Amino acid sequence: ENMNLHVSVIGQGVSPLNTTSPAQAYALAKRAAIADAYRMIAERVKGVHVEGQDTIKNMMVKRSTVRTQIKALVRNANIVETTFKEGLCEVEMEVVLSYSQFR
């Protein structure tokens, strides 16, 4: 039985304020959006390791931290669509995985 898992995400990236041209702003925002999309694919496919720590003093939370970590190799992801508006770039990315890859 050859079934496929289709994963589709939309990554977002914002251009920095100190860019020298609209082209640079677009390129940097797109790079950030692609990185965000890869991260989201990895989260969906592999899951996220979550580590939390609370420091309590005098019965009150003094400090609360949460760390997330993902380790994954994403191959053959394709950009379906890219939109850029008012400094925000959105990249729709998809990857098709066969269930045999998880065995």
Side-chain angles (χ1 to χ4, degrees):
E1 200 174 302
N2 191 15
M3 292 175 46
N4 289 334
L5 173 65
H6 181 266
V7 179
S8 180
V9 299
I10 296 177
Q12 294 184 323
V14 177
S15 57
L17 295 174
N18 60 346
T19 53
T20 57
S21 69
Q24 185 189 37
Y26 171 77
L28 292 173
K30 184 176 179 183
R31 181 180 288 184
I34 290 170
D36 187 45
Y38 273 118
R39 178 190 58 78
M40 292 173 74
I41 288 172
E43 283 179 3
R44 290 223 184 134
V45 174
K46 294 281 282 185
V48 182
H49 175 77
V50 180
E51 187 179 300
Q53 184 178 10
D54 289 339
T55 304
I56 312 256
K57 188 174 183 179
N58 297 330
M59 300 301 290
M60 293 174 60
V61 175
K62 189 171 182 180
R63 190 175 75 184
S64 181
T65 58
V66 176
R67 230 179 85 211
T68 60
Q69 183 179 8
I70 309 155
K71 283 189 180 181
L73 176 64
V74 179
R75 285 191 181 134
N76 301 323
N78 295 312
I79 294 174
V80 178
E81 189 178 0
T82 304
T83 58
F84 185 70
K85 188 177 179 181
E86 296 173 12
L88 174 69
C89 184
E90 289 189 333
V91 169
E92 182 182 351
M93 189 181 278
E94 68 179 11
V95 66
V96 178
L97 305 166
S98 91
Y99 276 106
S100 63
Q101 289 177 271
F102 294 100
R103 288 186 191 144

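Hydrogens, waters and symmetry mates play no part in the numbers below; they use all other heavy atoms, side chains included. Remember, predicted model here, so these are calculated numbers, not experimental data. FYI, the numbering just counts along the sequence from 1.
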I need the [X] [atom1] to [Y] [atom2] distance, nearest 0.5 Å.
| X | Y | atom1 | atom2 | answer |
| --- | --- | --- | --- | --- |
| Cys89 | Ile34 | SG | CD1 | 7.5 Å |
| Gln12 | Asp36 | CD | CG | 7.0 Å |
| Thr55 | Arg63 | OG1 | CZ | 4.5 Å |
| Leu97 | Met3 | CG | CE | 13.0 Å |

Test question: given the 4.5 Å side-chain rule for I, L, V, M, F, W and Y, name all other residues clustered with [X], or answer none.
| X | result |
| --- | --- |
| Ile10 | none |
| Ile56 | Val61 |
| Phe84 | Tyr26 |

Mind checking salt bridge (charged side-chain N to carboxylate O under 4.0 Å, His left out) for Glu43 and listing every partner two or more places apart, or none if nothing turns up?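 Counting only residues at least two positions away or on another chain, Glu43 forms a salt bridge (charged side-chain N to carboxylate O under 4.0 Å, His left out) with Arg39.
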
[X] with [Y], same ILVMFWY side-chain cluster at under 4.5 Å:
| X | Y | result |
| --- | --- | --- |
| Met40 | Leu5 | yes |
| Val45 | Met93 | yes |
| Val14 | Leu17 | no |

Side-chain polar contacts of residues 67-78 - donor-acceptor pairs under 3.5 angstrom, sequence neighbours left out - could you list them?
none

Provide the closest heavy-atom pair for [X] versus [Y] in the form atom of the first, atom of the second, distance.
| X | Y | answer |
| --- | --- | --- |
| Ala32 | Gly13 | CB-CA, 3.8 Å |
| Ser64 | Asp54 | OG-OD1, 2.6 Å |
| Val9 | Ala37 | CG2-O, 3.5 Å |

Mind checking ring-ring contact (aromatic ring centres under 6.0 Å, His included) for Tyr38 and listing every partner two or more places apart, or none if nothing turns up?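 Not a single residue meets the ring-ring contact (aromatic ring centres under 6.0 Å, His included) criterion with Tyr38.
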
Below 4.5 Å, heavy atoms only, C-beta onward: do Ser8 and Val80 meet side chain to side chain?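 Of all side-chain heavy-atom pairs linking Val80 with Ser8, none is under 4.5 Å.
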
